[in-house]
Protein chains: 2
Amino acid sequence: MPPVNLKRLAQELNLSIASVSRALQDSHEVSSQTKERVRALATALNYQPHAYASSLRRNLSKTIGVVIPKVANHFFALAINGIEEVARQSGFQVLISLTHDDYAREVSIIQHMKGGRVDGLLMSVASGTEDFAHIKSLRESNIPIVFFDRVCAEVSTAKVTTNDYESAFQATEHLIQAGCRRIAHLLISNNLSIGQFRQQGYRDALLAHGCDVDPTLILHGVMDNEQNVALIRDLLLRRPDIDGVFASVERLAISTYRVCKELGRTIPDDIKVIGFSNLEAASMLDPPLSTVTQPAYDIGREAAKILLRALEKKKAILPSQSQVLKSELFQRQSTAAAPAR
Amino acid sequence: MPPVNLKRLAQELNLSIASVSRALQDSHEVSSQTKERVRALATALNYQPHAYASSLRRNLSKTIGVVIPKVANHFFALAINGIEEVARQSGFQVLISLTHDDYAREVSIIQHMKGGRVDGLLMSVASGTEDFAHIKSLRESNIPIVFFDRVCAEVSTAKVTTNDYESAFQATEHLIQAGCRRIAHLLISNNLSIGQFRQQGYRDALLAHGCDVDPTLILHGVMDNEQNVALIRDLLLRRPDIDGVFASVERLAISTYRVCKELGRTIPDDIKVIGFSNLEAASMLDPPLSTVTQPAYDIGREAAKILLRALEKKKAILPSQSQVLKSELFQRQSTAAAPAR
DNA sequence: TTTATCTACGTAAACGTTTGCGGAAAATGA
DNA sequence: TCATTTTCCGCAAACGTTTACGTAGATAAA
């Protein structure tokens with residue numbers, strides 16, 4: 001059977017393709033009777049416009065790209081939900097691509113996206129990315145971009161982040177007030193501003209409370225979780241005086257739990273642990289994990305909103321403005337102060 | 001500045017558009033010197049082919065659609081990773097759309113996908129779906145589809161599942177052997193085969209061990225977690241003799257933990273709990289949760305492989321064959337038998 | 001009446017790519 | 001030498017849309 005496209009509809013209705021197209025767009029240039037005829041046949045034949053043909057002609061894909069490191073991560077999963085919600089309301093599709101925190105893949109993905117596939121981009125930078133030429137090149141393709149969470153300081157555009165410095169400060173302060181004196185900081189090795197902010201918050205909190213910053217207590221984690229467990233084990237064995245751990249990412253907090261169980265260190269008596277995390281089951285852990293929880297869903301929503309507003313106005317270059325949402329600190333068992341004796 | 005497309009390359013090289021196109025495809029119809037010239041300029045100008053134009057002309061999008069209920073779910077997140085891995089290796093893009101377990105959205109998404117957007121589809125059916133006309137209509141559009149996990153029995157095509165019946169049987173048996181006599185079964189209300197298989201495994205395990213099946217012990221959960229907590233609380237209060245819970249999905253197991261904490265029932269002494277789950281932190285829960293864990297990543301890989309093989313051979317209709325992968329049962333603290341007295 | 005405006009539709013070009021066809025020049029065969 | 005094949009390239013149509021422009025008829029204004 002012949003495909004059901006505009007030509008087919010036009011033939012069966014004795015109309016021109018143009019009129020059918022206009023009828024379906026509810027143009028004022030076509031009479032209401034013909035509109036009805038067209039719409040009737042369109043639904044009868046279950047006509048579906050060819051999205052790519054339309055994109056090609058209008059130079060608009062009605063699609064936004066989302067480039068993130070991974071999806072098996074509560075934060076990004078929730079952010080996607082927020083993005084998708086906003087996009088759907090505006091009739092946009094969402095094209096998700098995963099970098100797996102790999103620079104080469106990120107470059108390749110951005111290249112692909114540039115070929116007219118997307119109207120705009122939402123992005124959380126891969127931790128391995130140090131050169132940003134591929135991102136800057138989006139300018140020339142007139143593709144606006146909004147960073148969220150893992151922003152790129154070098155590129156001036158709109159950004160949605162959380163108050164990472166303050167949250168890290170609070171988390172560290174919370175550990176100090178719970179009685180910790182030797183606080184380790186676990187982070188994923190990268191030069192992204194987000195990691196720097198969190199580390200700075202950690203450092204400043206220590207200084208503000210008269211503790212000195214010991215660089216050997218700062219551990220740079222890697223991609224592989226097994227390796228992280230080994231690294232953390234080494235650290236805790238080498239420095240038995242560590243009585244607090246501030247994990248910059250969820251995985252490192254979980255790895256710390258694993259190591260503590262293995263070494264027989266009890267949380268929170270021997271070591272207190274707090275970490276950035278969006279884990280729903282945090283309160284069900286043994287012990288319940290104190291967390292800094294980012295408003296992931298809202299971050300996604302806000303980023304998408306900003307991007308869609310820009311697309312609406314056909315602004316390809318966004319003002320370098322950053323919106324900061326607040327994370328929430330949940331105090332749970334893992335950082336409970338020792339009972340007064 | 002003018003856009004960099006085939007026309008632009010052709011002009012600058014004094015060639016025809018056709019030759020440039022062929023050169024970039026490494027056609028034998030163009031000399032190796034010209035190929036070099038073309039490739040050189042293409043990389044110099046950072047030429048990126050227009051994916052949609054190519055799709056339109058070749059009637060191929062090099063894209064596979066993934067339609068799933070949600071992404072904030074370890075199982076689906078891992079499955080996506082598997083899918084993405086396979087797709088990337090074959091040069092395919094992955095277009096993810098979320099149904100949020102809503103029938104209307106699922107229909108709308110399938111409609112969109114039919115408009116030439118994707119070459120094939122991977123799908124896990126929404127729990128609310130009861131009519132499958134929208135799925136069957138894909139046949140007419142020549143779009144092959146592979147179901148994974150939440151398959152649709154009514155549609156005959158390739159399917160990738162896990163051994164749900166046996167896993168449920170084993171999980172229930174495990175509870176019985178740990179000493180449980182009154183075992184509740186929590187599931188998400190739906191008429192998908194997957195839910196039926198799991199329930200049947202539960203029933204048969206009870207019968208096989210001489211327990212009778214009590215329909216009032218089977219609880220149909222809903223979308224909202226708070227509501228589920230209330231439902232489970234009611235159930236446990238109404239039936240204080242319940243000493244075991246088999247949760248068909250992760251969320252319901254977590255909700256059970258919450259309720260038990262609230263009611264002061266200790267796991268596993270008062271109640272033992274096991275559930276389907278891909279939660280990485282399952283062993284860190286309080287107490288560590290016994291799980292039936294599906295090989296989510298492999299499921300994604302297998303489903304994608306089957307689909308891509310079909311696309312390779314231009315087979316739009318796949319033989320109704322189902323591949324069954326095995327889930328793994330992890331015994332942890334939450335189902336530990338009471339110490340002999 | 002004539003002229004101008006409006007309504008409703010068709011014609012055709014364009015978006016960027018791929019590809020069947022044809023053909024000129026070069027290479028090969030006799 | 002001529003005939004045949006091979007090599008390399010251009011022309012133009014096509015994919016399904018959208019849209020600038022043209023126009024025939026109807027209506028309104030003069």
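First the proteins, then the strands, lettered A, B, ... as listed; each starts at 1.
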Distance-only donor-acceptor check, side chains A:H112 and B:Q48, under 3.5 Å: no
Check ion pair B:E312-B:R309 (N to O, under 4.0 angstrom): no
Beyond-backbone contact of B:T161 with B:L325, side-chain heavy atoms, under 4.5 angstrom: no
Short side-chain N/O contact from B:S16 to OP1 or OP2 of D:dG10, under 4.0 Å: yes
pair B:V107-B:D131: side-chain heavy atoms closer than 4.5 Å: no
Contacting residues from residues 24-33 of chain B, given that a heavy atom lies under 4.0 angstrom of DNA chain D: B:E29, B:V30, B:S31
A:L13 CG to C:dG10 P, straight-line distance once rounded to whole Å: 10 Å
Touch class at under 4.0 angstrom, heavy-atom based, for B:T34 against every strand present: sugar-phosphate
Of residues 41-50 of chain B, the positions that come close to DNA chain D - non-hydrogen atoms, cut-off under 4.0 Å: none
A:R8 side chain near A:Y47 side chain, heavy-atom distance below 4.5 Å: no
Whole-Å distance separating the CG atom of A:L6 from the C1' atom of C:dA12: 15 Å
Euclidean distance, atom NZ of residue B:K35 to atom C1' of D:dT7 [Å, nearest integer]: 12 Å
Sugar-phosphate, base or nothing in reach of B:I17, heavy atoms under 4.0 Å: base
Validation row: A:T99, A:I109 side chains within 4.5 angstrom (heavy atoms): yes
Separation of C:dT17 C1' from A:R117 CZ (nearest whole Å): 14 Å
Atom pair distance, as rounded to whole Å: CZ in B:R37 and P in D:dC9: 8 Å
Interatomic distance, B:Q11 CD vs C:dG16 C1' [rounded to whole Å]: 13 Å
Residue met sooner reading DNA chain C from 5', once A:V20 and B:R58 are mapped to nucleotides: A:V20
B:Q25 side chain to B:S27 side chain, donor-acceptor N/O pair below 3.5 angstrom: no
Residue pair B:V151 / B:L192, side-chain heavy-atom distance below 4.5 Å: no
Sugar-phosphate, base or nothing in reach of A:S54, heavy atoms under 4.0 Å: sugar-phosphate
B:R22 side-chain proximity, nearest of C:dC15, C:dC9, D:dG10: D:dG10
Ring geometry between B:Y52 and A:Y52 (parallel below 30°, tilted from 30 to 60°, perpendicular above 60°): parallel
B:A18, nearest nucleotide to its side chain (from D:dG16, C:dA12, D:dC11): D:dC11
Pairwise 5' ranking along DNA chain D for A:K7 and A:S19, keeping only the more 5' one: A:K7
Spacing between A:K62 atom NZ and D:dT17 atom C1', to the nearest angstrom: 16 Å
Listed once per pair and sorted, the salt bridge (Lys or Arg N to Asp or Glu O under 4.0 Å) pairs that draw on residues 96-121 of chain A, sequence neighbours left out: A:D101-A:R150
OP1 or OP2 of D:dG16 under 4.0 Å from side-chain N/O of A:N5: yes
Distance, rounded to the nearest Å, where A:N59 contributes CG and C:dC15 contributes P: 10 Å
hbond_proxy B:R8 side chain to C:dG16 base (donor-acceptor, 3.5 Å cutoff): no
